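Sequence lines set the chain letters: A, B, ... in the order given, protein chains first and strands last, and positions in each chain run from 1. Bear in mind that the values here come from a model prediction, so they are computed numbers and not experimental data.
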2 protein chains.
Amino acid sequence: MVKRTSFEGDSCPIARALEAIGDWWSILIIREALFGQRRFGEFQTRLGMAKNILAVRLRALVDHGILRSAPASDGSAYQEYVLTLKGRGVFPILVALRQWSEEFDEHPEEIATILVDREKGRPVRKLEMRAEDGRLLTPADTMLKPRPAAKKRRASA
Amino acid sequence: MVKRTSFEGDSCPIARALEAIGDWWSILIIREALFGQRRFGEFQTRLGMAKNILAVRLRALVDHGILRSAPASDGSAYQEYVLTLKGRGVFPILVALRQWSEEFDEHPEEIATILVDREKGRPVRKLEMRAEDGRLLTPADTMLKPRPAAKKRRASA
DNA sequence: CAATCCAGTTTCATTATGCAACCATTGGAG
DNA sequence: CTCCAATGGTTGCATAATGAAACTGGATTG
């Protein structure tokens, strides 16, 4: 087959994430949803995307458990799309993308918004990666290990 | 035109990041590069992707300043592709994607690797978002603010 | 200097994307 | 209740992107 390659069975968690949200529009749809949009028309006008594509994407996101389609909320008999826990879990990915642009974009002056701490109104710090014991880690301080086979009924001793 | 829509002029930093690395393969190429791969053939066999599209992606990544093509390193007259600072800056995005899969994937047992602290061999903590003063922030603790106009020659007073 | 490897490019078939037109319900106005 | 607009899609068609495989041309090996 010549279908676009899928990473569904891939053992790499990054590839698996991309399988679900790695296309052009999904992340932006999730961004809008995190901003409170829930209706088909809201997504469509705010993102300026074709309605057929939006329909396909929304279905895929629902299938992946990222959105859930719920029956109305403002009384009307229409549907709406709300984020699941899994969908809200995308937030750190959005922050990482945002911070990457803020740090490396060639024209940062074109970036319209900054993410701030609501309480103080001050910019948030860069995402931090820490060890179990709280040590701040750089990429070089990390490595990949094969996942332990796990899933024993009881402790092995 | 009916070209795939571009987010190049978009003011959203997330859209701008997607413009550079938002396609199916780029992130995986960067993942391999972070793992030390540098040669065309290495990327091609490790990712199992078609050579023509690898060629296109590598060019795009170079154009975006994420990879740089450098002349050899092992003596041979071939080229190689090495990450720039901007490219290495993608690391947190990969961690965020990985952690999202680890937390929400339907079949986490299929994930082959875990990211550990090299020193202790223990899993790294979830990425943390903190305020300037160090307070740990949840998504609800944050908001977007318009970017201040910035770029004054001197302090405004 | 022939055989092979490396790093692509070309060709062609298939798929995805995007625009525009169309259609079925829903919601309101009268 | 009737008509009309808005909502939330679907369908058709043209164009662009993707992928497999064959091809190319310089490097390297023997």
Residues 40-53 of chain B, side-chain donor-acceptor partners within the protein, below 3.5 Å, at least two apart:
residue: B/E42; atom: OE1; partner: B/R38; partner atom: N; Å: 2.8
residue: B/E42; atom: OE1; partner: B/R39; partner atom: N; Å: 3.0
residue: B/Q44; atom: NE2; partner: B/M49; partner atom: O; Å: 2.9
residue: B/T45; atom: OG1; partner: B/G41; partner atom: O; Å: 3.1
residue: B/T45; atom: OG1; partner: B/E42; partner atom: O; Å: 3.4
residue: B/R46; atom: NE; partner: B/E32; partner atom: OE1; Å: 2.9
residue: B/R46; atom: NH2; partner: B/E32; partner atom: OE1; Å: 3.1

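For the pair A/R46 CZ and D/dG8 P, the computed distance is 15 Å after rounding to whole Å. To the nearest angstrom, P of C/dA16 lies 16 Å from CG of B/D23. Rounded to whole angstrom, the span from the CH2 atom of B/W24 across to the P atom of C/dA16 amounts to 10 Å. Nucleotide D/dA17 holds its P atom 15 Å from the CE atom of B/M49, rounded to whole Å. Nucleotide C/dT26 holds its C1' atom 15 Å from the CD atom of A/E80, rounded to whole Å. If you measure from atom CG of A/L28 to atom P of C/dG18, you get 12 Å, rounded to the nearest angstrom.
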Between the protein and nucleotides 2-12 of chain C, which nitrogen or oxygen pairs come in under 3.5 angstrom?
residue: C/dC6; atom: O4'; partner: B/Y78; partner atom: OH; Å: 3.4
residue: C/dA7; atom: OP1; partner: B/R39; partner atom: NE; Å: 2.5
residue: C/dA7; atom: OP1; partner: B/R39; partner atom: NH2; Å: 3.1
residue: C/dA7; atom: OP2; partner: B/G41; partner atom: N; Å: 3.1
residue: C/dA7; atom: N7; partner: B/K51; partner atom: NZ; Å: 3.4
residue: C/dG8; atom: OP2; partner: B/Y81; partner atom: OH; Å: 2.8
residue: C/dG8; atom: N7; partner: B/K51; partner atom: NZ; Å: 2.7
residue: C/dG8; atom: O6; partner: B/K51; partner atom: NZ; Å: 2.7
residue: C/dT9; atom: OP2; partner: B/R59; partner atom: NH1; Å: 3.4
residue: C/dT9; atom: OP2; partner: B/R59; partner atom: NH2; Å: 3.4

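In this view, B/E102 and B/R98 satisfy the side chain to side chain donor-acceptor pair (under 3.5 Å) rule, not counting sequence neighbours. Every side-chain contact (heavy atoms from CB on, under 4.5 Å) that A/Q79 has, sequence neighbours left out, goes to A/S69. Residues satisfying the side-chain contact (heavy atoms from CB on, under 4.5 Å) criterion with A/R68, sequence neighbours excluded, are A/A70, A/V82, A/T84.
A salt bridge between A/R16 and B/D105 is present, with a side-chain N of the basic residue lying under 4.0 Å from a carboxylate O of the acidic one.
OP1 or OP2 of C/dG18 sits under 4.0 Å from a side-chain N or O of A/W25.
Pairs engaging residues 52-65 of chain B under the salt bridge (Lys or Arg N to Asp or Glu O under 4.0 Å) rule: B/D23-B/R57 [sequence neighbours left out].
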